[in-house]
Amino acid sequence: MSGLVLALTVLLAAAMIGAALVAVIGKSLPIAILSAGLVSLVASVLFLLLASPDVAMTEAAIGSGLTTFLFFFILGRMRGGEHD
Amino acid sequence: MAQIAMAAGFILILVGFYGALTNRNILRMIVAFTVADTGVNIVMVAVGYMRGRTAPILDETVPVADALSRIIDPVPQALVLTAIVIGMGITALMLAFAYRFYEKKRTLDITKCTELKW
Amino acid sequence: MIRKFAAILLLAGIASIFMGLLFTYEPDAELNTTARYYAERTAADIGATNIVTAIVVTYRGLDTLGEVTVLFLTAAIVGLVLAHGRRRTSDKRRLAPVGELLATGSRFLAPLIILLGVYVFANGHLTPGGGFQGGAIIASGVLLILLADPCRCLSHRVIDTVESVSGLFYVGIAILGIVLAGGFLDSHLLPRGELGALFSAGAIPLIYALIGLKVGAEFSSILAHLSETEEL
Amino acid sequence: MVDILIYIATALTGTGLLLALYRFLKGPTPADRVVAFDTLTLTTVSLIVIIALAEGRGIYLDVAVVYALLSFLGVIAVARYLERGF
């Protein structure tokens with residue numbers, strides 16, 4: 001099983017770094033926010049692989065749910081500001 | 001495996017810092033900060049990981065008697081639990097300030113904020 | 001351009017520090033002294049099967065009290081920042097109507113989500129999860145209610161009451177620990193019970209439930225304050 | 001036997017993850033990326049279940065339950081934003 005876990009770790013790390021790059025240097029702001037949510041999503045699976053289900057659950061409930069939501073809430077209030 | 005996760009966490013921190021330093025839009029800086037935050041959490045959890053061991057929760061697969069040889073270090077996990085919750089609070093706070101900034105200036109560009117510049 | 005160059009230079013410095021940390025890192029083969037103490041003593045002393053919960057609630061309970069206080073301060077400051085200059089004139093904001101699917105679905109799903117939150121913090125000492133996760137899930141349920149009906153103003157009074165009452169009880173139980181048990185936030189207030197049962201681990205389920213309610217109320221208050229802002 | 005099944009399931013889920021990630025990184029319109037995000041959350045839930053099975057810890061499934069019940073919220077947020085709601 002350890003080969004499987006290793007391959008999965010590499011895959012998840014690559015996905016996470018790709019999503020982080022989109023979040024930081026992508027053109028459109030909503031996509032950047034969505035990518036930050038994706039980073040949290042993949043990170044929570046990585047936390048589970050690192051044998052910490054408590055942290056994985058926190059990241060699932062807070063990082064990818066509420067934080068993404070807060071960003072879109074604020075962005076919806078400031079239409080027109082995202083092009084600066 | 002812990003090393004791979006740790007390297008990924010370090011790269012996330014660097015990517016987040018790069019975004020926070022080079023972007024001029026406040027919302028983009030906040031997004032970059034959350035990415036760096038996730039990276040820090042991954043590094044901290046990876047430090048506590050030990051090869052071939054499992055989560056610090058006792059049940060029928062991990063009886064109390066051999067907990068000492070089967071579980072990983074629970075202290076970093078407790079710390080990261082705290083860090084994630086506080087990170088969400090800080091993000092909310094930054095977003096509230098960004099909202100006020102936009103209300104006053106009608107822009108999100110940080111370089112337009114020149115009151116204290118001389 | 002200079003800005004980018006300086007940023008990359010700075011990041012190269014940080015990266016070199018990280019490289020040093022990464023290549024000299026050697027994972028421990030054995031648990032260190034603190035972790036060994038927790039692994040050996042938790043089941044006998046505290047009676048919780050989830051060792052992370054035992055650390056968060058009892059061994060380092062004072063940190064958790066501080067964390068909840070920080071979260072309360074955050075919620076209060078968000079309210080303060082956003083309440084300033086809010087106008088009450090336009091009650092009916094012009095909004096795109098909520099679809100039938102979301103309205104009906106949220107009426108069905110919101111109670112289930114809140115129930116899941118209660119499950120998560122009631123079982124915090126047995127399974128992964130606990131007060132913070134449960135509170136965040138409850139806040140997600142509140143969020144779904146807010147989404148389905150954006151014009152509804154959530155009652156701030158209910159949220160504030162839940163928040164202050166659970167906070168008061170939390171500190172009250174902590175002080176009762178000094179009187180009746182070993183010290184501040186000691187969980188031996190209630191009988192330890194059988195390892196693995198729902199009502200076990202002393203006062204941990206009670207304290208975690210109060211933390212869950214408090215965290216849920218704080219997150220809900222942040223969300224409600226944000227949703228009452230006006231479109232600029 | 002079970003090992004082989006887990007390997008096959010992981011390979012399939014990993015392929016699904018990569019395909020959805022490709023669509024997310026490339027997707028020309030925001031709607032493409034939102035659908036890719038939704039697919040990624042579902043793939044993540046199945047990955048969590050596979051990890052729970054491979055490690056033999058049933059308690060990991062709680063995380064999957066939380067994800068399954070909360071994952072649609074992010075998509076609703078984007079959808080409401082795109083139709084100029086809130």
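The figures that follow rest on heavy atoms only: side chains count, while hydrogens, waters and symmetry mates do not. We name chains A, B, ... by the order of the sequence lines, and we start the count at 1 in each one.
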S.K.: Please answer whether the main-chain N or O of B/N25 pairs with a side-chain N or O of B/N23 as donor and acceptor at a distance below 3.5 Å.
M.R.: no
S.K.: So which part of B/I13 gets closer than 4.5 Å to some heavy atom of chain C, the side chain, the backbone, both or neither?
M.R.: side chain
S.K.: Please look at C/Q133 and chain B and tell me whether the side chain, the backbone, both or neither of the residue comes under 4.5 angstrom of a heavy atom of that chain.
M.R.: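 Looking at C/Q133, just its side chain touches chain B.
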S.K.: When you measure from the side chain of C/T49 to the backbone N and O of C/L126, does any donor-acceptor pair fall under 3.5 Å?
M.R.: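 Yes; judged by distance alone, with no hydrogens or angles, the pair exists.
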S.K.: Identify which part of C/L10 has an atom lying under 4.5 Å from any heavy atom of chain B, answering side chain, backbone, both or neither.
M.R.: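 When you check distances to chain B, only side chain atoms of C/L10 fall under 4.5 Å.
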S.K.: Do side-chain atoms of C/N50 reach the backbone of C/T127 as a donor and acceptor pair under 3.5 angstrom?
M.R.: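 Present.
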S.K.: If I measure from the heavy atoms of chain C, does B/R51 come under 4.5 Å with its side chain, its backbone, both, or neither?
M.R.: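 Looking at B/R51, nothing touches chain C.
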S.K.: Kindly give the heavy-atom pair with the smallest separation between B/I72 and B/G48, and that separation in Å.
M.R.: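 Smallest heavy-atom distance, with atoms named: CB-O, 3.8 Å.
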S.K.: Heavy-atom distances under 4.5 Å only: say whether C/L11 touches chain B with side chain, backbone, both or neither.
M.R.: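 Backbone plus side chain of C/L11, per the 4.5 Å heavy-atom cut-off to chain B.
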S.K.: C/F18 versus chain B, heavy atoms under 4.5 Å apart: side chain, backbone, both or neither?
M.R.: both
S.K.: Judged by atom type as modelled, is there a donor-acceptor pair below 3.5 Å linking the side chain of C/T58 to the main-chain atoms of C/I55?
M.R.: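 Checked: no pair found.
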S.K.: Let me know if C/I8 has heavy atoms under 4.5 Å from chain B in its side chain, its backbone, both or neither.
M.R.: side chain
S.K.: Do any N or O atoms from the side chain of C/Y25 and from the backbone of B/V47 form a donor-acceptor pair under 3.5 angstrom?
M.R.: yes
S.K.: What residue, out of B/I71, B/L58, B/L79, B/V43, has the most heavy-atom pairs lying under 4.5 Å from chain C?
M.R.: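 Among B/I71, B/L58, B/L79, B/V43, the one with the most close pairs to chain C is B/L58.
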S.K.: Going through the checks in order, is the side chain to side chain contact (heavy atoms under 4.5 Å, CB included) test met by B/T82 and C/D63?
M.R.: CA-CA 9 Å; B/T82 312; C/D63 289 359; over 6 Å; no
S.K.: Side chain, backbone, both or neither: which part of C/Y59 has an atom under 4.5 Å from a heavy atom of chain B?
M.R.: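 Neither; nothing under 4.5 Å.
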